[in-house]
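Data block below; observations after.
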Amino acid sequence: MRRRGAGYPHEEYESRNDENYYDSEYYDEPYYADDGYHADPYDTAPPRRSSLPVRAARAISGVVCGAVLVLTAVVCGAQYLAGDRGFPGPGTTAVAAHVVAALVAVIAQVTADRRSGGTALLSSAVVIFTASILMLTQWWG
């Protein structure tokens, strides 16, 4: 801001009891645009909401992804406790399968949550397919 004061009458300066006087017309200079000065140039319309099938697939695959994470924690915990107590646990193959399935499911779920349309549906299908293969090979097989 520009500092003013010396060029103004003495009584106006004393009435403010301020050593610095800032010009009220400072922002009326030509390089301060009135229209859109405070507008955000990147402000766009709000994002469209996904369709009902995409939101339903995301919700179902989110629950399934959470279940895979819980199962992974249970199997890893059982393997840890089995090693401490001296009895056979699920085994390293089961632990590895659960960890890989959890990684695939989480990556696919994050992709489903961040994308829209067919990509989200395909990512949700990957989560459900991964959980199905995990259940068939490690729990029901």
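Because the structure is a prediction, the values reported are computed rather than measured. Throughout, residue positions are numbered sequentially from 1 according to the sequence presented.
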Practice task
Verify, without hydrogens or angle tests, whether Q109 (side chain) and C65 (backbone) share a donor-acceptor contact under 3.5 angstrom.
Solution key: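 A pair under 3.5 Å: no.
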Distance (rounded to the nearest 0.5 Å) between [X] [atom1] and [Y] [atom2]:
X: T130; Y: L134; atom1: OG1; atom2: CG; value: 9.0 Å
X: S116; Y: R114; atom1: OG; atom2: CZ; value: 14.0 Å
X: T72; Y: Q138; atom1: OG1; atom2: CD; value: 10.5 Å

Handout entry: For I133, all residues meeting side chain to side chain contact (heavy atoms under 4.5 Å, CB included), sequence neighbours excluded
Key =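 By the side chain to side chain contact (heavy atoms under 4.5 Å, CB included) rule, I133 matches F129, T137.
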Hydrophobic cluster mates of [X], side-chain heavy atoms under 4.5 angstrom, ILVMFWY only, any path?
X: W139; value: L71, V75, V95, V99, L103, M135, L136, W140
X: L81; value: Y80
X: V54; value: L121

Could you tell me which non-hydrogen atom of [X] sits nearest to which non-hydrogen atom of [Y], and how far apart they are?
X: S123; Y: A108; result: CB-O, 3.3 Å
X: V68; Y: A131; result: CG2-CB, 3.6 Å
X: V127; Y: A105; result: CG2-O, 3.5 Å

Problem - Any residue meeting side-chain hydrogen bond (donor to acceptor under 3.5 Å, both in side chains) with S50, in chain and number order, not counting sequence neighbours - result: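 Applying side-chain hydrogen bond (donor to acceptor under 3.5 Å, both in side chains) to S50 gives R58.
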Practice task
Please name all residues satisfying side-chain hydrogen bond (donor to acceptor under 3.5 Å, both in side chains) with S124, sequence neighbours left out, ordered by chain then number.
Solution key: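 Testing S124 for side-chain hydrogen bond (donor to acceptor under 3.5 Å, both in side chains), a comparison that skips the adjacent residues, returns S61.
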